[in-house]
Amino acid sequence: MNLPPKVTERAYERLAEIGAGAQGKALRVAVEGGGCSGFQYDIKLDEAAEDDLVLERAGERVVVDSVSLPFLADAVIDFSEELIGARFTIENPNATSSCGCGTSFSM
């Protein structure tokens with residue numbers, strides 16, 4: 001059995017800071033074919049769909065569609081602020097390699 005992804009407290013805090021829940025939006029994390037390593041993450045604010053896994057804390061939600069879920073088993077969704085910018089990040093134990101930007105990976 002695959003474990004669902006985990007969402008850090010910082011990621012939920014960032015969603016609250018940008019008012020995602022107040023706008024009725026959730027952070028959608030999806031995996032698509034493409035990118036320089038074979039798969040790429042698609043991260044955006046969106047509405048939850050019927051077949052999504054919904055991870056929720058304090059009124060903020062992160063959603064993952066059923067097709068992407070196996071690719072994100074036991075991954076950690078976080079938010080990072082660095083000198084080069086701020087972004088949601090994914091630490092994925094299923095990825096065998098990733099590109100320098102961190103949005104493309106292979107399995």
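Between Leu69 and Ser66, the closest side-chain pair of non-hydrogen atoms is not below 4.5 Å. When side chains are defined from C-beta on, Leu45 counts as touching Leu15, because their heavy atoms get closer than 4.5 Å. Annotation: side chain of Leu72 is in contact with side chain of Asn92 (closest heavy-atom distance under 4.5 Å). Counting heavy atoms from C-beta on, the side chains of Val63 and Val29 never come closer than 4.5 Å. Using a 4.5 Å heavy-atom cutoff, the side chains of Phe39 and Glu32 are not in contact. Between Thr89 and Phe79 the shortest side-chain heavy-atom distance does not fall below 4.5 Å. Within the 4.5 Å cutoff, the side chain of Pro93 has no heavy atoms near those of the Val76 side chain.
Note that CZ of Arg87 and CD1 of Ile84 are 6.0 Å apart. Values are rounded to the nearest 0.5 Å. Note that CD1 of Ile77 is 9.0 Å distant from OG1 of Thr8, once rounded to the nearest 0.5 Å. Between Leu27 atom CG and Arg61 atom CZ the span is 11.0 Å, to the nearest 0.5 Å.
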query = After noting the C-alpha distance and the side-chain angles of Glu9 and Arg57, does the key distance pass the side-chain contact (heavy atoms from CB on, under 4.5 Å) rule?
reply = CA-CA 9 Å; Glu9 190 62 36; Arg57 183 176 302 149; 2.6 Å; yes
ask   = After noting the C-alpha distance and the side-chain angles of Arg28 and Asp65, does the key distance pass the side-chain contact (heavy atoms from CB on, under 4.5 Å) rule?
value = CA-CA 8 Å; Arg28 176 170 299 284; Asp65 65 86; 4.1 Å; yes
task = Show your reasoning for whether side-chain contact (heavy atoms from CB on, under 4.5 Å) applies to Asp74 and Asn94.
result = CA-CA 8 Å; Asp74 209 27; Asn94 306 298; 5.6 Å; no
query = Run the side-chain contact (heavy atoms from CB on, under 4.5 Å) check on Asp52 and Val64 step by step: do they pass?
reply = CA-CA 5 Å; Asp52 286 340; Val64 179; over 6 Å; no
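In this structure, Lys6 does not pair ionically with Glu91, as no charged nitrogen and carboxylate oxygen lie closer than 4.0 Å.
Contact detail for Glu81 and Ala86: the closest heavy-atom pair is CG-CB, 3.7 Å. In terms of heavy atoms, Ser68 sits closest to Ala30 at OG-CA, 3.4 Å. In this structure, Glu60 and Ala20 approach most closely via the heavy-atom pair OE1-CB, 3.7 Å.
No continuous path of ILVMFWY side-chain contacts below 4.5 Å connects Val31 to Val54, so the two sit in separate hydrophobic clusters.
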